[in-house]
Amino acid sequence: EVNTQLQVFSMNYALRKDDRFDEVGPAGQVLWYLKRLEPEAVLVTPQRLVPAVTHTDVEPTPELAALAREIEDEWDADPAELPASDDIQVSLTFPHRRSGTLPLTPRLASLFPTAQVTERVRFTFVDGSTGERFGGWVARPGRYVVGLGEWYDRLDMPVGGLLNIRRGERADEIVITASRRRPTREWVRTAAPTTDGRLAFSMQKKQLSVNFDELMVVAVDQQSIVDDLWRKLANVPFDRLVADVFRELAKLNPQSAVHARSLYAAVNVARRCPPAPIFAELVKQPYYTHVGDAYWRFDSSQYSN
């Protein structure tokens, strides 16, 4: 005989007091989830997404500062400097490709569902090309979105691949669309570990069916082996890691010049890092020489390993 609204209120109150349950509904909806059934990546930030370095005291050049804003890394973006948009394009980095996630940048955060209390919000992804629907999670403390691993695999999504994200018809829907194209073989930077425990890059032909950012595309054939290398390189000093990656990329260019955007994408294959600390290395180390636009060269005479 108890009023239905009172029953619902009492049930919600009981669940909120029970640590086994998580309130995961977007603003305006009360939805509950059993914590032990939530994906692990929702409860614990994947190690691939934890930045090793986030801040630097070195001022970037105006050009590098503009490039960092353009990249819009979730740990490096200033919300005040980014224009709002209802349709946002993202170039996928290796840490998010490997983790099956999306970066929750300030602009993307404005598109995804929010909640007043919970830090983890359940919503629905909609494939903009096929209409397929599948579950996703917003993990705001770690600044990422979970739920795209299988979808990436089916599309054979490359690092540097382009994605478009917009709101769906409902408040708890997000439409995600891969920038598809006819499959063609392209020369792309390819990362692989060496026998002596370094990360090497070479140019190889790969078949790609998704449009990509030419400066950020990286093919990774042996992901599990690169995972092992990721752990081994964790203790390598940051300046040395950036220099090693830079010299590998320089071998791929007849002019031995490396674009700062390419350096950011390549370093993130070995260690999660936003643009600012990487670009700071270009400014403060004497062995990097600016050669125009966002291209740099390496002066071995100034480098002592």
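Heavy-atom minimum distance, V245 versus A266: CG1-CB, 3.6 Å. Between W75 and L49, the closest heavy-atom pair is NE1-O, 3.9 Å. Among all heavy-atom pairs drawn from S129 and T177, the shortest one is OG-CG2, 3.6 Å. The heavy-atom pair separating Y288 from A243 by the smallest distance is OH-CA, 3.2 Å. Taking all atoms of both residues into account, the shortest heavy-atom contact from L199 to A191 is CD1-CB, 4.1 Å. Contact between R271 and P237 at its shortest, heavy atoms only, is NH1-C, 4.3 Å.
A continuous path of hydrophobic side-chain contacts links F279 to V269 [ILVMFWY only; heavy atoms under 4.5 Å]. Under the 4.5 Å side-chain contact rule for hydrophobic residues, L37 and W137 share a cluster. Connection of V175 to L108 is not established within any shared hydrophobic cluster, with ILVMFWY side chains joined at heavy-atom distances below 4.5 Å, either directly or through further cluster members. W187 and V220 fall within the same hydrophobic cluster, where Ile, Leu, Val, Met, Phe, Trp and Tyr residues are linked whenever their side-chain heavy atoms come under 4.5 Å apart, directly or through other members. L67 and L282 fall within the same hydrophobic cluster, defined by Ile, Leu, Val, Met, Phe, Trp and Tyr side-chain heavy atoms under 4.5 Å apart, directly or through other members.
Separating the OH atom in Y264 from the CG atom in L215 is a distance of 13.5 Å, to the nearest 0.5 Å. How far CE of M203 is from CG of L252: 6.0 Å, rounded to the nearest 0.5 Å. Note that the CZ atom of R97 and the CG atom of L148 stand 10.0 Å from one another [nearest 0.5 Å]. Interatomic distance, CZ of R36 versus CZ of R20, reported as 9.0 Å (0.5 Å rounding). Atom CD1 of residue I176 and atom CG of residue L102 lie 4.5 Å apart, to the nearest 0.5 angstrom. Atom CZ in R167 sits 7.0 Å away from atom CD1 in I174 (nearest 0.5 Å).
Using modelled atom types, one side-chain atom of N3 and one backbone atom of Q5 make a donor-acceptor pair closer than 3.5 Å. Side-chain atoms of S99 come within 3.5 Å of backbone atoms of P95 as a donor-acceptor pair (strictly under, hydrogens ignored). Without hydrogens or angle criteria, R189 side chain to F201 main chain gives no donor-acceptor distance under 3.5 Å. One N or O on the side chain of T190 and one on the backbone of V188 form a donor-acceptor pair closer than 3.5 Å. When atom types are taken as modelled, the side chain of D86 and the backbone of R166 share no donor-acceptor pair closer than 3.5 angstrom.
Between F246 and F298, the ring planes lie tilted relative to each other; the angle falls in the 30° to 60° range.
Ionic pairing of R272 and D73 is present here: one or more N-O contacts between side-chain nitrogen and carboxylate oxygen are shorter than 4.0 angstrom. Ion pairing between a basic and an acidic side chain is recognised when a charged N comes within 4.0 Å of a carboxylate O; K232 and D227 show no such pairing. Contact check on K284 versus D239 returns no salt bridge, with no Lys/Arg side-chain nitrogen under 4.0 Å from an Asp/Glu carboxylate oxygen. Taking the charged nitrogens against the carboxylate oxygens, E38 and R122 have no contact shorter than 4.0 Å, which rules out a salt bridge. Under the 4.0 Å criterion applied to side-chain N and carboxylate O atoms, E72 and R69 are not assigned as salt-bridge partners.
Residues Q204 and S202 have side chains that bring a donor and an acceptor to within less than 3.5 angstrom of each other.
Residues E173 and R133 form a side-chain contact, since some pair of their non-hydrogen atoms from C-beta on lies under 4.5 Å apart. Side-chain contact between Q302 and Q285 is absent, with no heavy-atom pair separated by less than 4.5 Å. For the pair S209/R180, a side-chain contact is recorded, criterion being any heavy-atom separation below 4.5 Å from C-beta on. Considering only heavy atoms from C-beta on, V258 stays 4.5 Å or farther from N253 through its side chain.
The only option from F125, F123, Y152 that meets the ring-ring contact (aromatic ring centres under 6.0 Å, His included) definition with F134 turns out to be F125.
In this view, R247 and D244 satisfy the salt bridge (Lys or Arg N to Asp or Glu O under 4.0 Å) rule, not counting sequence neighbours. Scored by the salt bridge (Lys or Arg N to Asp or Glu O under 4.0 Å) test, E248 finds R198, K251 as partners (sequence neighbours excluded).
Residue D57 qualifies as open at atom CG: its count of foreign heavy atoms under 6.0 Å is 12 or below.
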